[in-house]
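Notes to accompany the following structure.
Starting from 1, each residue takes its place in the sequence as its number. Just follow the structure's listing: the first ligand is 1, and inside any ligand the first atom is 1. Given the structure is predicted, the values throughout are model-derived calculations rather than measurements.
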Amino acid sequence: MISRAVEMTIKLDRLLPDRSARVLGAMSEVPRDVFVDPGWKRMAYTDRSLPIGHGQTISKPATVFRMLSALEPVFGGKLLETGSGSGYLASVASRLFNRVFCVERVLGLVESSRANLLRTGAGNVVVRYGDGSSGWAEHAPFDGILYSAGAPELPASLADQLREGGLAGVPVGTKSSQEFIVWKKVKGVLEKVSSFTCSFVPLIGKEGWNG
Ligand code: SAH
């Protein structure tokens, strides 16, 4: 019998056929029900964002698929995720990147995500508690940077922490609706590569909202 995670990736493949087969493979290995609130486990393999506690949500599988697919050219390198929440995206990313560095501002989620990551065999991920709106300078430069919370504008620290040739994706817009913009660092300057419409929870912090 095929697992529910595999079933989910078969549907995603039909929905977004131009995306990365490697991301689909990684998503098929990660049981998403581990990452959602107990009352929502039945819905874990539908294409919905779901509660993970503390007023936060896990992103839709299609969004995780698109975010990670956009970074395929830098797989194998070092990834930074700001707003790692439940740890689901980080667990999928751990199968695609050599090392994954996460920052999360809700302590309860830092603790539960560490447990979720261990349960799903993601040993190459570290989660730091704090405001990640300015990235994580100590571990820079990164080959890939993903923001999983929506910013009012592109965080200024990002360009410095991205390696030359690296790719970064950030949702930029209002508190309720954003464009997920993918950038590439070329000769020290960020160039826009692609974008899609999305709706993330707000990035709260120094380079986010209420900073
Ligand atoms: N990729 C995550 C999605 C989590 S939702 C997952 O797979 O579950 C976005 C997260 O961003 C929330 O947990 C929220 O607490 C966090 N967040 C918001 N602002 C932040 C900031 N400045 N630094 C770190 N995390 C932040």
Side-chain angles (χ1 to χ4, degrees), residues 5 8 23 26-27 29-37 40-41 43-45 47-71 79-97 100-117 119-120 122 125-137 139 144-158 161 168-178 180 198-211:
M8 183 182 81
V23 179
M27 287 178 78
E29 291 174 10
V30 179
R32 189 168 180 260
D33 59 277
V34 167
F35 298 83
V36 305
D37 265 8
W40 292 94
K41 291 200 185 292
M43 304 292 284
Y45 297 95
D47 193 24
R48 287 180 48 165
S49 58
L50 295 170
I52 54 174
H54 309 274
Q56 306 300 326
T57 51
I58 182 173
S59 306
K60 282 166 66 158
T63 304
V64 171
F65 187 29
R66 297 173 105 162
M67 291 168 77
L68 286 170
S69 292
L71 267 54
L79 175 73
L80 168 70
E81 185 195 11
T82 279
S84 45
S86 68
Y88 175 70
L89 183 144
S91 184
V92 177
S94 78
R95 288 148 167 94
L96 301 165
F97 288 86
V100 181
F101 296 88
C102 297
V103 191
E104 171 54 54
R105 68 180 286 275
V106 175
L107 184 58
L109 289 173
V110 170
E111 288 162 352
S112 55
S113 64
R114 284 180 182 149
N116 296 341
L117 286 159
R119 270 187 72 187
T120 54
V125 182
V126 286
V127 186
R128 174 169 79 86
Y129 167 53
D131 175 9
S133 62
S134 304
W136 193 347
H139 289 289
I145 297 179
L146 288 174
Y147 276 62
S148 293
E153 56 192 45
L154 185 71
S157 317
L158 190 146
Q161 293 183 26
V170 187
V172 179
T174 66
K175 278 190 178 172
S176 57
S177 162
Q178 308 91 23
F180 188 88
C198 57
S199 177
F200 284 82
V201 297
L203 178 76
I204 311 285
K206 189 165 167 261
E207 294 190 50
W209 296 95
N210 311 334

[X] side chain vs [Y] backbone, donor-acceptor pair below 3.5 Å:
| X | Y | result |
| --- | --- | --- |
| S91 | A122 | no |
| E207 | S157 | yes |
| S199 | S176 | yes |

Check your understanding: Under 4.0 Å from ligand 1, counting heavy atoms only, is it the side chain of P202, its backbone, both or neither?
Key -> backbone
Check your understanding: Under a 4.0 Å heavy-atom limit, does V201 contact ligand 1 with its side chain, its backbone, both, or neither?
Key ->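 Side chain only; the backbone of V201 stays clear of ligand 1.
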Nearest non-hydrogen protein atom, [atom]:
| atom | value |
| --- | --- |
| atom 11 (O) of ligand 1 | G83 CA, 3.1 Å |
| atom 22 (N) of ligand 1 | I204 O, 2.7 Å |
| atom 2 (C) of ligand 1 | S84 O, 3.5 Å |
| atom 4 (C) of ligand 1 | T57 O, 3.4 Å |
| atom 12 (C) of ligand 1 | Q56 OE1, 3.3 Å |
| atom 1 (N) of ligand 1 | E81 OE2, 2.8 Å |

Counting heavy atoms only, which of [options] is nearest [atom]?
| atom | options | result |
| --- | --- | --- |
| atom 9 (C) of ligand 1 | G208, S148, C102 | S148 |
| atom 15 (O) of ligand 1 | E207, H54, E104, R105 | E104 |
| atom 8 (O) of ligand 1 | G85, S86, P171, G130 | S86 |

Could you tell me, atom by atom, which parts of ligand 1 come under 4.0 Å of a heavy atom of [X]?
| X | value |
| --- | --- |
| L109 | 13 (O) |
| V103 | 24 (C), 25 (N) |
| D131 | 21 (C), 22 (N), 23 (N) |
| A149 | 11 (O), 18 (C) |
| V106 | 15 (O) |

Just so I know, are the side chains of [X] and [Y] near enough to count as touching, which here means a heavy-atom distance under 4.5 Å?
| X | Y | value |
| --- | --- | --- |
| F35 | V30 | yes |
| L154 | Y147 | no |
| V126 | W136 | yes |
| S133 | T82 | no |

Review point. Just checking, is any N or O donor in the side chain of E104 or S84 under 3.5 Å from an acceptor N or O on the other one?
Key: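 No, S84 and E104 have no side-chain donor paired with an acceptor closer than 3.5 Å.
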Point to revise | Side-chain H-bond candidate by donor/acceptor type, D33 with Y45, under 3.5 Å | key: yes
**Study point:** Counterpart residues, side-chain contact (heavy atoms from CB on, under 4.5 Å), relative to S113 (two or more places apart)
**Key:** V127
Review point. Which pair of heavy atoms, one from L50 and one from A44, lies closest together, and at what distance?
Key: CD1-CA, 3.9 Å
Check whether any N or O atom of [X], backbone or side chain, sits under 3.5 Å from an N or O atom of ligand 1, and answer yes or no.
| X | answer |
| --- | --- |
| L89 | yes |
| T82 | no |
| S59 | no |
| G132 | yes |

Check your understanding: With R95, which residues qualify under salt bridge (charged side-chain N to carboxylate O under 4.0 Å, His left out), at least two apart?
Key ->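 Salt bridge (charged side-chain N to carboxylate O under 4.0 Å, His left out) check on R95 returns E29.
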